[in-house]
Amino acid sequence: MTSAVHLPGLPFALSPSAGSAWEVDGTTVRATAPARSDLFIHPARVSAPVLDAPMLTGAPPEGDFQFSARVTVGFGADFDAGVLLLWCDEQHWAKLCFEYSPDREPMAVSVVTRGTSDDANGFTVEGNTVWLRVSRVDGAYAYHAATDGKTWRLVRHFGLDAPGPVALGFEVQSPVGDGCTAVFDEVAFSPERLRDLRDGS
C-alpha cells in the first residue's frame with residue numbers, strides 16, 4: 001500500500017513508510033514486519049542504528065489528544081512487537097510496545113530516542129492482546145497500557161525534545177526473529193485532555 005490511509009474516526013491521514021505493506025479493513029490495521037526489522041539506536045552506539053521497521057504514521061491535530069488501539073501480536077521471537085509510535089525524524093522518536101521478552105512473556109515496553117534509544121520495561125501481560133494509549137498533555141507525552149481496555153496503567157511520562165512536527169501511528173517489528181504480524185483494532189482518537197496520569201482513567 002503506497003497511498004494515504006484514512007481510518008474512520010481518525011482526523012488525519014496515515015502514510016506507510018517506504019517499502020512497507022499495510023492492510024486496512026474498516027478500523028482494523030495489520031502489518032507483518034520483515035525478519036530482523038526494528039527501530040533502535042543502541043545507547044552506547046556499539047552497533048549501527050536499525051531504522052527499517054514498517055511504520056504507518058500521520059500528523060495529528062495540534063493540542064492535547066488521546067490515541068489508543070487494541071494490539072494483538074503473533075509473538076514468535078524475542079522483541080517481536082506491535083507498537084504505537086511517535087515519530088519526528090531518525091534521531092527523535094518514541095515507541096510504546098507490546099513486546100515479547102527474552103523470558104517469553106508479553107510486556108508493555110517503552111523506548112524513547114533522543115539521539116540514542118533507551119529501553120524500559122513496564123509490566124507483563126497474559127495472552128497476546130493488550131490496549132495501548134498515547135496521550136499528549138501540554139507538549140509532553142504519556143504512555144499507558146490496559147489489559148481490559150478500561151483501566152489504564154502508566155508506563156511512561158516524558159518529553160521528546162523533537163526539533164519539528166511529531167507524527168503519530170503504528171509500527172511492527174521483529175528485531176531478532178523471522179517476522180512478526182501485529183493487528184491494531186478499536187482504534188480511537190480524542191482531542192480530550194487526559195485529566196490524570198495515574199488514576200487509571
Listing, residues 43-60 side-chain donor-acceptor contacts under 3.5 Å, not counting sequence neighbours, or none:
unit_1 : atom_1 : unit_2 : atom_2 : d
Arg45  : NH2    : Gly115 : O      : 2.9
Asp52  : OD1    : Asp38  : N      : 3.0

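Salt-bridge formation is detected for the pair Arg36/Asp178: a Lys NZ or Arg NE/NH1/NH2 atom is positioned less than 4.0 Å from an Asp or Glu carboxylate oxygen. Taking 4.0 Å as the cut-off between side-chain N and carboxylate O, Asp185 and Arg30 do not count as a salt-bridged pair.
In this structure, Pro163 and His92 have side chains that are in contact, with non-hydrogen atoms separated by less than 4.5 Å. A 4.5 Å side-chain heavy-atom check between Pro102 and Phe79 finds at least one atom pair inside the cut-off. Side-chain contact between Leu7 and Leu14: present, with at least one pair of heavy atoms (C-beta onward) separated by less than 4.5 Å. Annotation: side chain of Phe40 is in contact with side chain of Val111 (closest heavy-atom distance under 4.5 Å). Leu39 places a side-chain heavy atom less than 4.5 Å from the side chain of Lys95. In this structure, Pro11 and Pro61 have side chains that are in contact, with non-hydrogen atoms separated by less than 4.5 Å.
Under the salt bridge (charged side-chain N to carboxylate O under 4.0 Å, His left out) criterion, Arg153 pairs with no residue at all, not counting sequence neighbours.
Put simply, CG on Asp196 and CH2 on Trp152 are 15.0 Å apart, with the number rounded to the nearest 0.5 Å.
Residue Val137 forms a side-chain contact (heavy atoms from CB on, under 4.5 Å) with just one option from His157, Arg193, Arg195, and that option is Arg193. The salt bridge (charged side-chain N to carboxylate O under 4.0 Å, His left out) test with Glu186 is passed by exactly one of Lys150, Arg133, Arg70: Arg70.
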Test ring pair (Phe, Tyr, Trp, His ring centres under 6.0 Å) on Phe65 and Phe189; report intermediate values, then the result.
CA-CA 7 Å; Phe65 64 72; Phe189 182 93; 5.5 Å; yes
Leu168/Val134 under side chain to side chain contact (heavy atoms under 4.5 Å, CB included): CA gap, chis, key distance, verdict:
CA-CA 9 Å; Leu168 175 67; Val134 178; 4.2 Å; yes
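Using modelled atom types, no side-chain atom of Asp103 and backbone atom of Glu105 make a donor-acceptor pair closer than 3.5 Å. At least one donor-acceptor pair under 3.5 Å links the side chain of Asp64 to the backbone N or O of Asp138. Ser174 contributes a side-chain N or O that, together with a main-chain N or O of Gly179, makes up a donor-acceptor pair within less than 3.5 Å. Side chain of Arg156 to main chain of Ala142: no donor-acceptor pair is present (N/O by atom type, distance under 3.5 Å, no hydrogens or angles). Between the side chain of His144 and the main chain of Ser135, no donor-acceptor pair closer than 3.5 Å is present. A distance-only check finds no donor-acceptor pair linking the side chain of Asp25 to the backbone of Thr28 [under 3.5 Å].
The minimum heavy-atom distance between Gly82 and Leu132, with the atom names listed, is O-CD1, 4.2 Å.
At a threshold of 4.5 Å between side-chain heavy atoms, the hydrophobic network of Ile, Leu, Val, Met, Phe, Trp and Tyr places Leu86 and Trp22 in one connected group.
Phe184 has its ring centre no less than 6.0 Å from the ring centre of Phe98. For Tyr143 and Phe158, the distance between ring centers is under 6.0 angstrom.
In this structure, Val109 belongs to a hydrophobic cluster whose other members, linked by side-chain heavy atoms under 4.5 Å apart, are Met107.
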